[in-house]
Trainee: 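Pasting in a structure now, in structure tokens, and then I'll have a few things to ask.
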Amino acid sequence: MKISFFSAKRYDREHFDAQNTASTFDIEYFDTALSAKTVRLAHGADAVCAFVNDDLSAETLEALHQQDIKLVLLRCAGFNNVDLSAAERLGITVSRVPAYSPESVAEHAIALMMTLNRRIHKAYQRTRDANFSLEGLTGINIFGKTAGVVGTGKIGLATARILKGFGCKVIAYDPYPNQAAIDLGVEYVSLPELLAQSKIITLHCPLTAENTYLIGKSAFAQMNKGTLLINTSRGKLVDSSACIEALKDGTLGGLALDVYEHEKELFFEDLSSEVIQDDVFRRLSACHNVIFTGHQAFLTEEALRSIADTTLSNAQAFSEGKRNGNEVTHQVVDNS
Ligand code: NAD
């Protein structure tokens, strides 16, 4: 099977080549992102392999169909970037990696929380400059605080487990409570209750049409002053313009974003010599109590190995005419 691999980074190549030792798959790597414009690079391939910000709109899928490509291998869990109705209509199978390493994302969310709270980002810069002043670096104890987890699937549960280890009271909102979270001592509450009671809020639910801007003006109005908000899930869960106001009036005491609603134009590239055109991003990143990471929460050795392993198993299953359960259909709720 020939696979055209889009948005390829060095770490992708290393891990996919390591899993493809028998050269079962002929993988051609492209740095460029997949879109209707770049789809012709996949000429002669049997499948394309895509990531979170690749464009799998109806137009791109039509172009893949024209080239007789019948398989899209998503090397991620989320599929909000795929027009599933178009894929089904065109007979294109879409497979994904539903779970690779929940701890990779959970541990990153906690790293962001700790960095924000203890001002590690500021201390790092100061001490490199031989500035050992502690002014402005005061944090709070996480022990005993209430942490709100939105979405208690695989990653939310892994996060709740760590927060419990810190000695937090962990409350959660999820339309489908998870017995493992209840067994851990997590208390389920409504979303308004979670917003009103949490000192720290961490998002671990999928992005759907219904929960776009779940955290926006009205959610901020229900939070206490000084709330810390962490988003390692999907950018559009948070209204980033509303965050600017919430930071200005002190509702948000800190904001950590690994995902951002307009990340497609920014993330995964070195733009250090460019003038960033996104004014919301510029305003947020200028705040001392806002930190960004560029969609790196998944980036651990264990997760990359698991992503490569599952993606190639998905390709293998397809080539043998089998279904292995990782196919995404219109019926599957996007809970990645
Ligand atoms: P999962 O399917 O195991 O769990 C998702 C949970 O969210 C489910 O329990 C579901 O009931 C719940 N949910 C659905 N809609 C909700 C809503 N409106 N409010 C509250 N809860 C809701 O998924 P997971 O593997 O834990 O992944 C969670 C999220 O993490 C995904 O959205 C994914 O996009 C994101 N993610 C980010 C990265 C990264 O690198 N930043 C990597 C992997 C996954």
Side-chain angles (χ1 to χ4, degrees), residues 7 9 11-12 50-54 74-82 96-113 148-162 170-182 184 186 188-195 198 201-216 218-219 230-238 256-261 263-264 266-268 291-304 306-307 310-311 325-326 328 331-336:
S7 302
K9 304 291 176 199
Y11 49 79
D12 291 317
F51 197 48
V52 289
N53 288 329
D54 285 310
L74 293 174
R75 55 181 188 280
C76 54
F79 46 88
N80 50 289
N81 54 336
V82 186
R96 65 170 181 144
V97 184
Y100 38 91
S101 171
E103 287 75 21
S104 65
V105 182
E107 289 171 14
H108 192 77
I110 298 297
L112 290 173
M113 173 187 85
V149 178
V150 179
T152 50
K154 294 174 284 295
I155 297 171
L157 178 65
T159 307
R161 208 176 280 128
I162 304 172
V170 183
I171 59 176
Y173 167 68
D174 191 314
Y176 303 99
N178 180 344
Q179 187 57 45
I182 295 168
L184 191 66
V186 172
Y188 281 94
V189 295
S190 66
L191 184 60
E193 285 170 319
L194 183 144
L195 297 172
S198 303
I201 297 175
T202 180
L203 306 183
H204 300 291
C205 63
L207 173 69
T208 62
E210 293 73 40
N211 67 15
T212 298
Y213 287 173
L214 183 77
I215 306 295
S218 118
I230 324 288
N231 188 9
T232 55
S233 203
R234 280 294 180 266
K236 280 206 174 105
L237 289 171
V238 174
L257 299 177
D258 182 56
V259 288
Y260 171 59
E261 59 174 315
E263 68 178 51
K264 202 171 169 187
L266 298 170
F267 287 4
F268 304 116
I291 49 179
F292 277 97
T293 50
H295 207 135
Q296 75 171 74
F298 73 99
L299 199 65
T300 65
E301 288 293 333
E302 292 82 352
L304 288 169
S306 175
I307 287 169
T310 305
T311 304
N326 291 340
V328 192
Q331 281 75 44
V332 179
V333 179
D334 181 0
N335 56 4
S336 59

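Not measured: the values here are computed from a predicted model. Values below: every heavy atom of this structure, side chains too, minus hydrogens, waters and symmetry copies. All ligand and atom numbering here is 1-based and tracks the order in the structure.
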Trainee: Hey, are the side chains of Ile215 and Leu195 touching, using non-hydrogen atoms and a 4.5 Å cut-off?
Mentor: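 Heavy-atom side-chain distance check passes, below 4.5 Å.
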Trainee: Give yes if a backbone or side-chain nitrogen or oxygen of Tyr100 is under 3.5 Å from a nitrogen or oxygen of ligand 1, and no if not.
Mentor: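 Not met; the criterion fails.
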Trainee: Is there a heavy atom of Val105 sitting under 4.0 angstrom from any atom of ligand 1?
Mentor: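 True for this residue.
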Trainee: For ligand 1, find out whether one of its N or O atoms is nearer than 3.5 Å to an N or O atom of Tyr176.
Mentor: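 No, Tyr176 has no N/O under 3.5 Å of an N/O on ligand 1.
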Trainee: When you measure from the heavy atoms of Pro175 to every atom of ligand 1, does any distance fall below 4.0 Å?
Mentor: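 The answer is yes, since Pro175 has a heavy atom less than 4.0 Å from ligand 1.
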Trainee: Would Ala297 count as a contact residue for ligand 1, given that I'm defining contact as a non-hydrogen atom of the residue lying under 4.0 Å from a ligand atom?
Mentor: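 Yes; Ala297 lies near enough to ligand 1 that a heavy-atom distance drops under 4.0 Å.
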Trainee: Partners of Phe267 by ring-ring contact (aromatic ring centres under 6.0 Å, His included), sequence neighbours excluded?
Mentor: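 Applying ring-ring contact (aromatic ring centres under 6.0 Å, His included) to Phe267 gives none.
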Trainee: Evaluate Ile155 for polar contact with ligand 1, using N/O atom pairs at a separation under 3.5 Å.
Mentor: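 In this structure, Ile155 places an N or O atom under 3.5 Å from an N or O of ligand 1.
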Trainee: Hey, which atoms in ligand 1 end up nearer than 4.0 Å to a heavy atom of Val150?
Mentor: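 It comes down to these atoms of ligand 1: 20 (C).
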Trainee: So, using ring-ring contact (aromatic ring centres under 6.0 Å, His included) as the criterion, who are the partners of Tyr260 when residues are at least two apart?
Mentor: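 Result, ring-ring contact (aromatic ring centres under 6.0 Å, His included) vs Tyr260: His262, Phe281, Phe292.
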Trainee: Show the atoms of ligand 1 that are less than 4.0 angstrom away from any heavy atom in His295.
Mentor: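 Once the distances to His295 are compared, the set is 39 (C), 40 (O), 41 (N).
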Trainee: If you count the atoms of ligand 1 from 1 in the order shown, which ones are under 4.0 Å from a heavy atom of Tyr173?
Mentor: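 By the 4.0 Å cutoff, the relevant atoms are 19 (N), 20 (C), 21 (N).
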Trainee: Any heavy atom of Ser233 closer to ligand 1 than 4.0 angstrom?
Mentor: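 So Ser233 counts as touching ligand 1.
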